[in-house]
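These notes concern the structure reproduced below.
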Amino acid sequence: MSKWNLIVDVANCTNCNLCVLACHDEHVGNAFPGYSEEMPKHGHKWIEIDRRERGAGPMVDVAFLPRMCQHCDDAPCMEKAENGAITKRDDGIVLIDPVKAKGQRHLVDACPYGAIWWNEEKQVPQAWTFDAHLLDDGWAEPRAVTVCATAALRSVKVDDAEMQRMVREEGLEELRPDLGTKPRVWYKNLHRFTKAFIGGSVEADAGGNVDCVEGARVTLHSNGTQIAETATDVYGDFKFDHLDPDSGAYRVEIAADGHPAKSVDVTLGESTYLGEIRL
Amino acid sequence: MASLKFSLILFGLNLLLRIQAWRYPSFRERLKERDILAQLKTRDGRQGRWYRIRNGRVSSGAGVRNDADVALVFKTAGLAADLLMPPVNQLDQINALKDFNLAMEGDEDAAAWWTQTMMLTQTAGWEYGVDQGNGVTRYTSMTNGGPVFVYEKGGRIIRITPIVFDDTDPEPWTIEARGKTFTPPRKSSLAAHGQNWKSMVYSPDRLLKPLKRVDFDPDGDRNPRNRGKSGYEEISWDEALDIVANEIKRQKREHGPGAIAMSHGSHHTWGNIGYYLSAAFRFINAVGMTRVHHNPDSWEGWYWGAVHHWGQSLRVGQCETYGTVEDLMKESEMVVFWSSNPEGTSGAYGAFEGAIRRQWLKDLDIEIVHIDPFYNDTAQMLGGKWIAPKPTTDTALALAIAHVWIEEGLYDKEFVETKTLGFDVWKAYVMGDEDGVAKTPEWQEAETGVPAKTVRALARNWGRKKTYLGAGGWGNGHGGACRNPTGIQWARVMVCLIAMQGIGKPGVNMGNLQWGTPVDANFYFPGYAEGGMSGDLHHTAMAVELYQRMPQLPSMNTNDQQIPRLQLPEAILEGKAEGYIWDGKSIEAQFNKISYPKPGYSKVHMLYKYGGSIFGTMSDTNRHVEMYRSPELEFIVNQSIWNEGEAKFADIILPACTNMERPDISEWAALGGYAHHGQTQLNHRVVVFQHKVIEPLGESKSDFRIFHELAMRLGLGAYFSEGMSELDWAKREFDASDLPKIVKWKDFIKRGYVVIPNNPEGVKDPVSWRWFYEGRKKDVPEPMPLPSDYTEEYLKGLQTQSGLIEFECQSLKRYDPDDTERPPIVKYRPAYEGPSNPDLAARYPIQLITPHPRYSFHTQGDGKDTFLNDIEDHRVLVDGRYYWTLRISAADAAARGIGHHDLVKVHNDRGAVICAAHVTRRLPEGVCHGYESCAVYEPAGEIGNSVDLGGCLNQLTPPRSQLKKGHSMGSSAAMVEMELWDGSPEINRAPTEPDAAVFTPEPVPAE
């Protein structure tokens, strides 16, 4: 049985908002009986883009994460829904029935992903439908995927075993594995959002000037153990990524030919740029 | 024989009218519109046939009647037979008109109706759009942000999507580079403002009826000071058009030539017939108006600066870019994005076509550097090294790079020796031999704030690697630092840097993968700058090719008076203005000075304004607010789709419809003229028949129709329209292009789009500059420079005097070698409005940069209650109002107690704008960032002298031309202060010291 899944590559999202706008375009002013009521013109973001800025200038990176109904196989909203207002289709899509769900405002709080919105005018809870009305009409993919020009969004209809293979091979993750809701939306390069880095810029005196030190060996240590190694680039920059935020004390050791070794201690909260490190 | 043929054709027309009425309800309805007696005849009156239409019924008889409402008069029966026999030869028709062999008698209105009805006999049966079932039809249109499918049901647009190509469309190109194969996706992309269009069409700010300001009386008190304040009343089209037409006549009668000025924005809704360079220009020229001459607003530094080093004047100073995508992917090792944010500016018209190619940089392991005070959208997408010079100081950084290259020998000495001129003169300046200041990395650090070591590392890395320089959004210009007060220096020094590295060598060129794809550049379809139906050979690129392919009556504005756009307020308020011409025909054309008023002409007393973009897009725009309220302007008419910006300052407002409500034809990203082959931004060339998807909303009309109806009131109707509707004109443009070679008209208008096939295997454009690098004749497919601009032999060398890249510009030496603002070699001169201006820096310590917007396009898409309001990077909802977003650094926010999404007042001596703060790490301390081109002007108190809640940051930007001997905006960087807004409408300027305009920066001395 093949089912729909959405794959979000966080590294490819540029915050262009085309998926958001396509969702507005599809649903504002358009009701699709059996699928969804009209979306309010403003205020709802069935697809919402979260932002994470890491580091400090000049070592900054910025990631964006489109978040929407995760079409969970164990959807908490279904449990809370009355009259069978929320159903799981055979193709994996979770739909809020716009008639049966009328008045069920509590469903907004039932979603741990914050993906259900309350339509005050129509008195219904609403969420991203995976454009099921279009898929049922023969469309190949949801509109958000078609309009995405940077391959940040991809939809696949495969059986669960095949999906699990893709999860393994492509390193896909659930947004909130701690919730155990078995979502059908998968994230790639999620570390850009959830993990932290330690970076710095190595410099040294050179003939009366200060210059960047290229090719310095930089190692990262935690609890006395070396956990990573890298080399500085032409700007003397180094960066250790994929670290857990608030993960405690680290030591950065730097060794470069012709210079005394240097170490810097850091307690990692969020991503940290250590600035210029003079050898 | 000719006589018999003419008789048969005339009889045939009678049958055709009846048959088409029987076959097509739309034609039946057309015939019910009016009763008419029309005549076709020979000039001697001996042969002819009359046609009477009464209550929708057609009757006809042979012979000539003298009571006809309208008559089409042919000199002879033979000529008539030739002209009327299908297929109609357009050139013969135009020649018959020009030679007075064909004439129209009768009143304008009847003539227009009759000729267009005759045309309708040909077009009534055409079918548009693809049936999707359930009452849904899929149409096509073109937005400034890309081509679209438009789904219609019940007379309403239900959705707008990009175009997904199908199996019948041609295959995309592929590029093989470093063992990998790359091919783009089989669909078109869209910019945010393109996807926003449904909400723009149905915006509550649409103008749906003609409006008159309540206290404007054309025959009595006009109350100009109340513009922007007083309300409006709805009037009929007839009343509105009569007022405008009568005022045009009165202005010419009472004041004489020059009294009417036309001002249009730099952009319009897409479509080659309805574009401002098309229908509007034909109308302007037919009436005779003072031109408000545009500065090259997105290309300033390239046009006024780079041109003198490498020519390229017809490209506004930007260089050729053919074949550079493949060359970059195969050969280069590094790309330097310098003030280059293509993901933020969508190539202006290229949607996200370049984004996928830039993502390939990562697959190819090509190094990336971003030089921009803002960690911009392209930096965000690609990563790489971010270097953030203070705004306006980039030239100092570039000079230091050159210094390192010279000192360490890291440049292409042979190229510099053989392909450039005057390097030693510039080298003496860079090394300090000229002025005692060596432009070292240490020297630049004080100016730019960028550590010397970083500049040295960049210079060394660049000097050792085959590197593409992507400057501006297009990689060869457009937007970015060329629009700030030192933009001319910056563009000039970019040329010098790439020249030092041997431009044209494999892997060394200008570009950022935005232009230069392998699409077929030889297939002809006209771009918008080719002027459509304008007939204007002077101010469009029509003369190059379209005029021959699409014969039409020429048009020429006999009124030579021009106002340099940047000084429009001064022209009106002070009665005088001076500037220089943007004219790409030669390097020297930019030295032509224009003065207003021109001797013998009237000053301007009427403004015909097209749209509402000026407050958001020009500089120091409170000047424009004041201008609009001047009694010098006796009459202002605004023809606009939306009630926004300065539309609210007009006496009469004419409601135009969008391009979804009228037929048109166009190609995606086809500019023509100053941006020849803009389609090489695309992964697929797409030409679209722009369907009239829905009827015009309310009483709005297409620009073509508004101009036509005004033209009829001036006796110019037949001249303006050539007897045709905009649909007929679209068909003419189709016939004029290469499209008939690959698609039938009827298939084209039904399906709505066609993808131009790629070049055959083994055929591709040569790489730009390679010919120059290798010392061959120019071989890229562009018709510039003009033949006389070659110094020795045609196609050998550049447009410059030497034919070489000139470090020391001979054109500037000839023109004004002592101009300290633009000396023959490029030097660093701190900005007149920048951190080196001590008084300004003390009072207004923050640098505001105002780049082109990411989500809207000019003012298109902004405000108007559209979907874009929901994008927090565009506007933020605070207390019920959508405020313009201003990005500020975390350090500046903390120092002022400003939190995320707090309302801040950003201000200087010119005004104050209220924005929603967006606190970010993407800016260094001392720099804030907000887009220009806001569409909403909403003074909280006194008009023109209070805080603006709308977000027009251009109220704060310097109005001064970058160059006295130029006409060049430097508005993308201004000095400001910001603070939490206390809710007061007062601007509260900081205590006044000497005005910034009198500050004359000197070169930076040695430490």
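Labels below follow one simple rule: chain letters A, B, ... track the order of the sequence lines, proteins then strands, and each chain is numbered from 1.
Checked by atom type, the side-chain pair B/Thr920/A/Glu53 shows a donor-acceptor distance below 3.5 Å. A donor-acceptor contact closer than 3.5 angstrom links the side chains of B/Asp873 and A/Asn15.
For the pair B/Ile160 and A/Asp25, the tightest heavy-atom approach, listed with the atom from each and the gap, is N-OD2, 2.8 Å. Here the shortest heavy-atom pairing between A/Val147 and B/Gln195 reads CG2-OE1, 3.4 Å. Summarising the geometry of B/Pro451 relative to A/Glu276, their closest heavy-atom pair is CG-OE2, 4.5 Å, with the distance given to 0.1 Å. Of all non-hydrogen atoms in A/Tyr235 and B/Leu458, the two that sit nearest each other are OH-CD1, 3.5 Å. Across all non-hydrogen atoms, the minimal contact from B/Gln380 to A/Arg192 is O-NH2, 4.1 Å. The two residues A/Asp61 and B/Tyr375 have their closest heavy-atom pair at CA-OH, 3.9 Å.
Two rings, from B/Phe867 and A/His42, have their centers 6.0 Å or more apart. A/Tyr273 has its ring centre no less than 6.0 Å from the ring centre of B/Trp386.
Contact of A/Val60 with chain B is made through backbone and side chain together, with heavy-atom distances under 4.5 Å. Neither the backbone nor the side chain of B/Val450 comes within contact range of chain A; no heavy atom of the residue lies under 4.5 Å from a heavy atom of that chain. For A/Ala140, no part lies under 4.5 angstrom from a heavy atom of chain B. The contact between B/Pro162 and chain A is made entirely by side chain atoms (from C-beta outward), counting heavy-atom distances below 4.5 Å. For B/Lys153, no part lies near chain A; criterion is any non-hydrogen pair under 4.5 Å. Residue contact with chain A, scored on non-hydrogen atoms closer than 4.5 Å, involves the side chain of B/Asn461 exclusively. Interface remark: B/Arg921 contributes backbone and side-chain atoms alike to the contact with chain A (heavy atom separation under 4.5 Å). Only the backbone of B/Ala191 comes within contact range of chain A, judged by heavy atoms closer than 4.5 Å. If you measure heavy-atom distances from B/Ala192 to chain A, the contacts under 4.5 Å come from both the backbone and the side chain. There is no contact between B/Arg358 and chain A, counting heavy-atom distances below 4.5 Å. Only the backbone of A/Arg54 comes within contact range of chain B, judged by heavy atoms closer than 4.5 Å. For A/Asn30, the part lying under 4.5 angstrom from a heavy atom of chain B is the side chain only.
A donor-acceptor pair is defined here as one N or O able to donate and one able to accept, closer than 3.5 Å; such a pair exists between the side chain of A/Lys41 and the backbone of B/Asp865. No donor-acceptor distance shorter than 3.5 angstrom exists from the side chain of B/Lys385 to the backbone of A/Asp237, with no hydrogens or angles considered. A distance-only check finds no donor-acceptor pair linking the side chain of B/Arg159 to the backbone of A/His27 [under 3.5 Å]. Under a 3.5 Å cut-off, the side chain of A/Asn17 and the backbone N or O of B/Ile871 do not form any donor-acceptor pair.
The candidate with the highest count of non-hydrogen atom pairs below 4.5 Å against chain A, out of B/Thr161, B/Asn134, B/Thr440, B/Thr866, is B/Thr161. Interface remark: of the candidates B/Glu872, B/Glu353, B/Arg156, B/Arg156 forms the most heavy-atom pairs closer than 4.5 Å to chain A. Among the candidates A/Glu203, A/Arg143, A/Glu26, the residue making the largest number of heavy-atom pairs closer than 4.5 Å to chain B is A/Arg143. Most heavy-atom pairs under 4.5 Å with chain B, from the set A/Thr146, A/Asp233, A/Asn209, A/Asp137: that is A/Asn209.
Under the 4.0 Å criterion applied to side-chain N and carboxylate O atoms, B/Lys453 and A/Glu214 are not assigned as salt-bridge partners. Salt bridge B/Arg460/A/Asp211: present, at least one basic N to carboxylate O contact under 4.0 Å.
Counting non-hydrogen atoms of other residues, nucleotides and ligands closer than 6.0 Å to CG of A/Asp257 gives a total of 12 or fewer.
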Start with the C-alpha gap between A/Leu21 and B/Leu190, add the side-chain angles, then the distance that decides, and say whether side-chain contact (heavy atoms from CB on, under 4.5 Å) holds. CA-CA 11 Å; A/Leu21 291 166; B/Leu190 261 182; over 6 Å; no

Dump the intermediate steps for ring pair (Phe, Tyr, Trp, His ring centres under 6.0 Å) on A/Trp139 and B/Tyr151, then the final yes or no. CA-CA 14 Å; A/Trp139 290 52; B/Tyr151 291 76; 5.6 Å; yes

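At least one side-chain heavy atom of B/Phe352 sits less than 4.5 Å from a side-chain heavy atom of A/Leu18.
The distance from atom NZ of A/Lys45 to atom CG of B/Asp870, rounded to the nearest 0.5 Å, is 6.0 Å.
Checking each of B/Glu343, B/Arg854, B/Met381 against A/Cys16 for a side-chain contact (heavy atoms from CB on, under 4.5 Å) leaves exactly one that passes, namely B/Arg854.
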